[in-house]
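Contents: one structure, followed by commentary.
Naming convention: chains lettered A, B, ... in sequence-line order (proteins, then strands); numbering from 1 in each chain.
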Amino acid sequence: MTSWQAAPAAATPVREPVMRVKNLMKRFRRNDGSIVTAINNISFDVYPGESVVLLGPSGCGKTTLLRCIAGLEDPDGGVIEFNGNTVFSSEAGINLRAELRQMAMVFQSYALWPHMTILENIAYPLHCLPAGSRPGRKEIAARVTDIMRKVGIGGLESQYPNTISGGQQQRVALCRALIAGTNMVLFDEPLSNVDAQIREKLRDELMEMQRAFGFASLFVTHDRHEAMVLADRVAVLNGGVVRQFDGPTDTYLHPADEFVARFVGPVNELDLSAREITGQAGEAVGQSPLGPIHGLLRAEAAADLVAIWRPEVARLGAEEPTSPNRWKCAIEVAKFHGSQTEFSVKVGERAFRVLTHGGGIPLPEGSTAWMSVEPRDVQFLARR
Amino acid sequence: MMFNVGLLAVFIIGLLYPIAKALVWAFYSDGSWDLSAFGQFAANDDAMRSVPVTLLIVGCASLVATTMGLVLAYLNERTDARMGLFTDMIPFIPLLMPSIAGAFGWVLALSPRIGYVNQLWMAIFGTAGPFNAFSVPALIFVYSIHGTTFAFLIISAALRNLDPSLEEQSRLCGASRGRTLTRVVLPAMLPSIAAAVLLVIWTTMGGLAVPAAMAQPAGIPIMSVQILRFLQFDYPPQYGPALVMAFIMVGIIGAVWLAAARIRKLGRHGTVGGKTRVAARRSLGRWKWVARGFILLWATIVVLVPLTCLALVALNGYWAGHLRLDNMSVAHILSVFEPGSLNLISLLNSVKAALIVATIGSVIAAIFSVFVTSRKSKLVTVADGVMKLPTILPGLVLAIGFVLAYAGRPFDLGGTFLILVIAFLLEQVPKGTLTTDPIAAQVGRELTEASQVSGASGFRTFWKVHFPLMLPGTIVAWALLFVHVIGDLDTSALVASVHNPTIGSQMLRLGENGDYPAVAALALLVVLMSTTTVTTVFVLSRGRKWA
């Protein structure tokens, strides 16, 4: 499934999206007067309970997109709907201020107010409700205590943010986001400030809490591993455009173009000068600098193409294989990682990477071997 | 948002109106441009002489002050002569000893014959003391010791931030410490040294206190005093030549500013290192104590000499050749403030104005800072620049505009308490924003946005998030504003009169009449109130639970 406007496989057709973004545009004027299009005609939906991740390199527009949705930046065009209500529409002249959108957001720094206790931090959104719907002080305290107990930070009510751990701070930020009863939370790279080990733990906690509370999430990150683990669907952004919007497996195995393929994981590639369709399901043969290569065509016929395969689908062996894609190679470097071995090999002057499970292949550095890859694992993608 | 824009607009109009009015008043009459004010200025010998004399004195003082500041900063930041308490204390000296009190203190100390330092000299050496408060060297000396504080502040901060690896690299290349200092440290610090020179020139050239107390009685023509003479000693007041002098003063400060900016732009200077590493301190061995003695001597001279002299005169109730310790009594100070006296009225006026201006002004400064730091549009940047004009224009120059704009028609506020409050607010709020701006920037965009996303209104976000987080900084701004207004002379000299006297204007009047015991009593009170305020704020701003 490569259409990024389709509903996720898990969602049934009758479900209405929590949030809908249509044709969103945002431009910035640089100091030299030139215009930069940060978001270029982006559309997507987020469904109840779903976790959508916006993934892309620095400056790709993902944070700008999140901030436009939250109401912290003013888009130049398009529509944003939240729970069926239009919160932004350039045509209708609607642009609800951030404080009126009733969205919740967890910031990169968690943005806990250092002068307020944990209880005051979490209770804040309840105090901001309109007079008619604002609960009484006792009820606010009860609700805060209840949600704190549910996320496992009960007893910290009177502490200040600087006296609790990073993990507890994340939970406080999440409690504050959820306390007013929202069904969707925006996350702006909340795991980027912590080291790798803690990040993994916080990520797992976050997923656990999302399952427990059932809220939908829109999560911004530049970390592909984080995106793959957290997402029901990943939107890969570059240059203000969504390059692919798919489940994490499809995004990894069937990238829409060269950029997506490179961004979500390591790749081997060969330029194609010509190709010929040979079968029903896009089976094709391309002409590469290493001779003919068999693969699957996943781009428009007129596109400038590149053949791509992941290091873990390539094979290495001393015997000549039967696969049509096979090359004699020199083993340059072999690095044993425990669960897998990473080989750097050269075919002529061209370098490739091969990942094999375990350390069982007896191919010492300096020896020659055969590298092969099955045609179904090679994709002919548009070069971008 | 609308409230912020409105407030900023009122402020900017309040500032630009007097400036525009001053320009029109000086150079426009009967429907055409009229440059006769330049002729009036040129025809006045004292006015003409005051420009080179002021330049000479201020130039010498800035040289001495910057050198002293550099020496003190180097001793404190790069050698083991450092004294932590001293470093903490220095920034507060100008606040504890406002120049109006210090200037009269030095008059009492260095006056020929009866100055206490000269009396001490006489007692020790048996000959007349050599010091003369009413001379060019004394002026340069007092200007210099005031300026040293500012130079020290800027240069020591720059030394602290200078990447130590620049110096270490030089040492590793075989350069001695002396060579490293002259070839690496000083060139790298050039922008800071230029900034120090600028600040010293700005504070000394625009200031009225020192020349009014010391140059005026000696007949040494100084620009700021000459401006005052045009406006207060001549009748009718000669606004034209006074404004010409004000523009010359602004021009000189502007030229120094441009030179400093040029040095900064050349970019051939050191940068702040990425790592917050402290440079290794040079061990001075036995010289450490000499260096410390020097530092302490400077601090003593700056604070204790004028303060002791003020206290002696105020507690004695008179100032004469012989010091009588048995005659000292607080009653002498109290007698200066008889009910209904101008002394008491001026004291009450200044305290009232300081309380009102500090309280309203610090909150307005906090509001402006939050607004300006959270909006990145060019219009807001320009508005902020215009609003900050009083931080670069001398107070005396602004005061001329305030009098022209608000004392006469259509406002008719001359001689009222209200014109004092308006003038002080317009002048002091921008100075307050210099303290609150960095604190507003520190609050961080995400803390603000987290409040917005939580559903809070702009007012609630300011009240619940910005204000409490900025409170320590706002309290510091409050103290600065309070101390500035209590010890003000530059604005008071023109805006206040016998109908609305302030401590500053009253001290000026008493000084002209030679009533030094009353001057000393008022100065001592200024020091007392400033010290109490600064100390209280220092204690208060450290008592945060979440720090």
Inset, instruction - Please look at A/Arg97 and chain B and tell me whether the side chain, the backbone, both or neither of the residue comes under 4.5 angstrom of a heavy atom of that chain. - result: neither
Legend entry - Options A/Ala180, A/Pro130, A/Pro125, ranked by heavy-atom pairs under 4.5 Å with chain B, top entry: A/Pro125
Legend entry - Side-chain touch B/Ser454/A/Ile179, heavy atoms, less than 4.5 angstrom: no
Legend entry - Donor-acceptor under 3.5 Å (B/Gln452 side chain, A/Ala98 main chain): no
Inset, instruction - Could you grab the distance from atom CG of A/Leu100 to atom OG of B/Ser457, nearest 0.5 Å is fine? - result: 9.5 Å
Inset, instruction - Between chain B and each of A/Ala104, A/Ala70, A/Ser109, count heavy-atom pairs under 4.5 Å; write down the option with the most. - result: A/Ser109
Inset, instruction - Using modelled atom types only, decide if a donor and an acceptor are shared between the side chain of A/His115 and the backbone of B/Met470 within a distance under 3.5 Å. - result: no
Inset, instruction - Inspect the surroundings of CZ in A/Arg134 and state if more than 12 heavy atoms from other residues, nucleotides or ligands are less than 6.0 Å away. - result: yes
Inset, instruction - Quick one: closest heavy-atom pair of B/Leu447 and A/Trp113, and the distance? - result: O-NE1, 2.7 Å
Inset, instruction - Kindly compute the distance separating CZ (B/Arg445) from CG (A/Leu72), expressed to the nearest 0.5 Å. - result: 8.0 Å
Inset, instruction - State, to 0.1 Å, how close A/Pro114 and B/Leu469 come at their nearest heavy-atom pair, and which atoms those are. - result: CG-CD2, 3.3 Å
Legend entry - Counterpart residues, side-chain hydrogen bond (donor to acceptor under 3.5 Å, both in side chains), relative to B/Thr448 (two or more places apart): B/His466
Legend entry - CD/A/Gln102: more than 12 non-hydrogen atoms of other groups inside 6.0 Å: no
Inset, instruction - Any chance you could measure A/His127, atom NE2, to B/Lys464, atom NZ, to the nearest 0.5 Å? - result: 7.0 Å
Inset, instruction - Pick one of side chain, backbone, both or neither for A/Leu129, based on which atoms fall under 4.5 Å of a heavy atom in chain B. - result: neither
Inset, instruction - Take A/Glu99 and B/Arg460, measure what side-chain contact (heavy atoms from CB on, under 4.5 Å) needs, and give me the verdict at the end. - result: CA-CA 11 Å; A/Glu99 57 264 35; B/Arg460 191 183 180 85; over 6 Å; no
Inset, instruction - Might you point out which heavy atoms bring B/Ser451 and A/Tyr124 nearest each other, and give the distance in Å? - result: OG-OH, 2.6 Å
Legend entry - Toward chain B, the part of A/Gln108 with a non-hydrogen atom under 4.5 Å: both
